[in-house]
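Below, chains carry the letters A, B, ... as their sequence lines are ordered, and counting in each starts from 1.
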Amino acid sequence: MRLGFAVKVLGRPGLKSDDSRRWMNSPHLRVSLGYLEAIFDYLQERRICMYRISSNIAPYITHPDMPQFHRQIEECAGELERLGRKARALNLRLSMHPSQYIVLNSPREEVYQAAVKDLDYHARFLDAMGLGPEAVVVIHGGGAYGDKQAAMERFARRYLELPARVRRRLVVENDEKVFSVSDVLWLHERTGAPVVFDHLHHRVHDPDGWQTREAVATCLATWPQGVVPKVHFSSPRTEPRSTGRGESDPLPWQHGDWIDAREFAGFLRECEGLAFDVMLEAKKKDLALLRLREELRGMGMDVDCCDAERG
DNA sequence: CGATGTCAAGGAATC
DNA sequence: GATTCCTTGACATCG
């Protein structure tokens, strides 16, 4: 089982995850790839072998009014291929997770079209790195728009019309408000898209009352033979949020700073015998992963097998 | 240098 | 129909 974290590296000051300068300063994928390679080196050092790449790695690449940014993948083809080889040598599992603005089932035609463009960018990026089928692109089901059944049908119909290179990468994750595990399993039935089980979202939004192990096992079964499935795990935030005026309780689906090791160990016990990788979503990012790994070791659970020293 | 405003983009609740 | 929240950091500008 591999443990991963998302996007931002906190364990080493100065490591950036993308070139986030604004358009007037001509940010570029070339710069981001320099950052990415430094992150790969850091991952190897820490023996972390799963990582979510920033979706902003290629700045403005799908911005409708900025065609000068649209060919960054082609402009970096050689470098992408080289970095992909390096990732494979490190046994690094990579993935991406487009932002909230990518909504495949939106009733607005322009939002739908923009989503297709953006998903295609993600697929082309991973293809250009020459990564295998474990390198997936994760999205949510989208909105309900007052008629969830129609919204689900729209997702399925549009999924089936996506370019093949997008369909090969796309997986769907249950969310905390609209698309439950049952709903994304329905989407899988219609589309074949594998399901990423998100543990916290499921705890917060499970209208059908699944047993955890059953829910996980059913989601894992949606993945093709030979591809290790992946789940998301996070612990809820506990400390109050400080807003403009005063403090308020954390919302139940917000990510905490760290992963609660006992809770995680309990989850793994429930999932005994099932095989999957785990993407950790904690605000302390890699620091949370490293701490969790140590705490599990202290509990006698040496879960993370990583071959990152090869290469 | 520190404080503050801003960033491409959506959806849903609220008024 | 317009506003605010969600959530977030870091860039960019201004004093």
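Not one side-chain nitrogen or oxygen of Ser99(A) sits closer than 4.0 Å to the OP1 or OP2 atom of dA9(B). A sub-4.0 Å separation between OP1 or OP2 of dC11(C) and a side-chain N or O of Lys16(A) is present. A sub-4.0 Å separation between OP1 or OP2 of dG11(B) and a side-chain N or O of Ser106(A) is present. Contact annotation: Arg22(A) side-chain N/O to dA8(B) OP1/OP2 distance is not under 4.0 Å. Proximity of Asn25(A) to the phosphate of dA12(C): a side-chain N or O atom is located under 4.0 Å from OP1 or OP2.
Tyr145(A) comes within 4.0 angstrom of the backbone, heavy atoms only, and of no base. The residue Asn56(A) sits close to a base: some heavy atom pair falls under 4.0 Å. Residue Lys177(A) is out of contact with every strand shown, counting any heavy-atom pair closer than 4.0 Å. Contact annotation for Asp65(A): no contact, since no heavy-atom pair falls under 4.0 Å across all strands.
Remark: dT3(C) base-pairs with dA13(B); criterion is Watson-Crick or G-U wobble with both hydrogen-bond distances under 3.5 Å. Under the Watson-Crick or G-U wobble criterion, with both distances below 3.5 Å, dA8(B) has no partner in any strand shown.
At least one test fails for Arg52(A) against the ring of Phe5(A): distance under 6.0 Å to the centre or angle within 45° of the axis.
Between dG1(C) and dA8(B), the distance separating the two C1' atoms is 23 Å to the nearest Å. dT8(C) and dC1(B): their C1' atoms are spaced 23 Å apart (whole Å). Taking atom P in both dT14(B) and dT7(C), one finds a spacing of 16 Å when rounded to whole Å. Distance noted for atom P between dC6(C) and dA3(B): 25 Å (whole Å).
Of the listed residues (Asp19(A), Val7(A), Asp18(A)), just one forms a side chain to side chain contact (heavy atoms under 4.5 Å, CB included) with Asn56(A), and that residue is Asp18(A).
For the pair Trp23(A) and Glu176(A), nearest-nucleotide mapping onto DNA chain C gives the more 5' position to Glu176(A).
Across every non-hydrogen atom of Ser235(A) and Glu263(A), the tightest pair is OG-OE1, 3.0 Å. Closest heavy-atom contact between Leu126(A) and Ala135(A): CD1-O, 3.6 Å.
The aromatic ring of Tyr101(A) does not sit over the base of dG10(B); the criterion of centres under 5.5 Å apart with planes under 30° is not met.
The base of dC11(C) lies outside donor-acceptor range of the side chain of Arg21(A), with no N or O pair under 3.5 Å.
A salt bridge does not link Glu153(A) to Arg157(A): none of the charged side-chain nitrogens sits closer than 4.0 Å to a carboxylate oxygen.
Computed from coordinates, the His97(A) NE2 to dA9(B) C1' distance equals 16 Å when rounded to whole Å.
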